[in-house]
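Computed from heavy atoms alone, side chains included, the values below leave out hydrogens, waters and symmetry copies. We name chains A, B, ... by the order of the sequence lines, and we start the count at 1 in each one. The structure presented is a predicted model; accordingly, all values stated were derived computationally and were not measured.
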Amino acid sequence: MNAKNLKRADEWKSQDILFCIAQDYANQRLWVGSSDFKIYEVLMSDGKVQRVEFQGQHQSYVTGLVRIGQTLVTSSYDRHLNWWDIVERKLIRSQPAHEAWIRRVIASADGTRVISIADDMQCKVWEAESGRLLATFSDHQKLTPHHFPSMLYAVAASPDGKWLATGDKVGHVAVWDAERFEKVGEIETPVMYTWDPKLDCTVLVASGVSLFHPTASDWQWEALAKSATSITWRDRHDWRFSSVPADSANWNWKTKTRRV
Amino acid sequence: MVASNMSALDVLSRPGFASELTRDGKSVILLWLAGGASQLETWDPKPGRRTGGPYAKIKTSIPGIEISELLPKMATQLNETAIIRSLNTKIADHGQGYTLMDTGRIPEPGVRFPHLGSIIAHELGQVDSRVPDFVYMYTQTEGRRQDSAGYLGARYNPMFLTDKMMPENLHRLDEISDVDHQDRAALRDFMAKRFIRDLKNPSVGSHENAYERVHGLMASDYLFDIEREPQAMRDHYGPTQFGQQCLIARRLVEAGVPFVKVARAWWDSHGQNFETHRELCADLDHCMSALLEDLRQRGLLSKTLVITLGEFGRTPQINGSLGRDHFASAWSCTLSGCGIRGGTVYGKTDDDGQTVVDGEMKAGDLFATIFAALGIQHDKEHMLGSRPIPLADFGCEPCREVLA
């Protein structure tokens, strides 16, 4: 898919903040998780948008949502994972899952597992249907180098089911064997992570989308910065500025040589 | 000591001599939350409301008082702290809001109102002090605004520290040994005193005072050196810049500096308010509680007023970037220590934090309260030419409910 060919088909606004989304292309419907602690089915037909609330709710922001068959699994700042019946539009099960805000929940490619990450800096893998905990693992520090609470923001599963990756606030990415739950690689992706004025080195990324691509057995970081508009790199005394056009397709950055 | 106080040079003939005695030895540490901290993520949480955001509130050491879960350490030691939840200062612009909360009044053409710190320095400082009267530590964003002593004169301008926590140009030159430095000062002092004795002139005396003061300031540079503190004490405040500056602030007030302002940047959370406050509140919670505990253990808290304040608060409404914008209609500050009735909450906002429903307080009222806590008469007047100017703005009164 070439992003340049995308055209906006419709626009719908809501008063609340929608943190997560899952879609059912065939039936032209979406499911969204909201800042009002609820989840909704959004139906689109004949140019009209109808929003239907599910019975039951979380106790805080709904931060993650994934569809597995006729079930939705959601995550929340309330530290729970919830299971929902899509047909009945109601809560099936709610279970405590983490010790801190859950940032995201995804599904494995085959749909048999759900994976959650939270600010307890742990990644957990669950049986998708039963909710049974299969594994807990982490390679992320609870505090940033500036001694502030860190967050575990990102998780991804490879399409072939072999790998998982988790990424935290300070830019540490760990890559995992999805069966043995052992770390097989790591990548440091320097980002701005603190508001402490005492900084030795800062990289500010205005906006960006990053994907990680394995090259043989050697993990190299390739940033596909499709929407980054500027990057500022600061050493102790030198500022370096490079600007990436908004429509650039690829941008490779070698961490050691610090050259674009 | 009282006779050398700049505002009490003729004490025996002045009324209120006893009140002037009570001001002695008192200091202020202002923790300036630059950019405007969110009252809903600090002192006046509204969980469960549409405006409340995702954070919960927690019980504190004071029954019936709850604050944000982001301040767990402060929740255990509110016994010396009064929370004011009902500030309505109306100005939600950084520059004008800063000026208002800096001086306690709306600016007027032709008058340069002094900063709170300059007023305190004038009221509590010593004319022959060998330490700074007013120190302001800051590095980034809105706190770069330099406070002014206004009509009180340059004597009361702050010593302004930015990138470094050590004042510049205070050290003697490396080419001059300490012995030489002391000998030079002694020779200059000997000759100056003879000169003053033979030529009685106020400007000559002022010149001499300036030299004495500079010499004293040079000798006070050790106050900014936290390496002189035991590692355990430095660990107590933590490794962040804010923590280190709070430690310096304690050292300064311990040495008799009347006013220290420590500004912490980045509270202006128009986007990602909750992520921002997660980190900033952790810093504030740790450093403020460490500072209060340290002052308490040293017997200084009863003579030190610790204030948390900013230009304004933040909107109850959460914007599309998960941020909160500027808001001055119902926000919070705290007063701890000297002259304060701890364990109290003054004022109340509505369920969503949109308006003040009880105990509305203006900037001038807050200033009057601060002065009263320090034993300073809030309606005492300076004369600017023939115009009387009270320390707190006309019609403003201290809040007795938070005063001990």
### Message
Show, in sequence, the C-alpha distance, side-chain angles and deciding distance for A/Y61 and B/F274, and conclude whether the side chain to side chain contact (heavy atoms under 4.5 Å, CB included) test is met.
### Response
CA-CA 12 Å; A/Y61 291 176; B/F274 307 113; 3.6 Å; yes

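Residues B/R278 and A/M151 are in side-chain contact: their nearest non-hydrogen atoms beyond the backbone lie under 4.5 Å apart. At a threshold of 4.5 Å between non-hydrogen side-chain atoms, the residues A/F148 and B/T240 count as touching.
Counting heavy-atom neighbours within 6.0 Å of B/E293 CD, excluding the residue itself, gives a total above 12. Heavy atoms of other residues, nucleotides or ligands lying less than 6.0 angstrom from CD of A/Q23 number more than 12. For CD of A/Q15, the number of neighbouring non-hydrogen atoms (other residues, nucleotides, ligands) closer than 6.0 Å is 12 at most.
Of all residues in residues 44-57 of chain B, those placing a non-hydrogen atom less than 4.5 angstrom from a non-hydrogen atom of chain A are B/G53, B/P54, B/Y55.
The NE2 atom of A/H146 sits 10.5 Å away from atom CG of B/D283, with the distance rounded to the nearest 0.5 Å. Atom CD1 of residue B/I318 and atom CD1 of residue A/I17 lie 6.0 Å apart, to the nearest 0.5 angstrom. Note that CH2 of A/W101 is 6.0 Å distant from CD of B/E275, once rounded to the nearest 0.5 Å.
For B/H270, the ring-ring contact (aromatic ring centres under 6.0 Å, His included) test picks out B/H326, with sequence neighbours left out.
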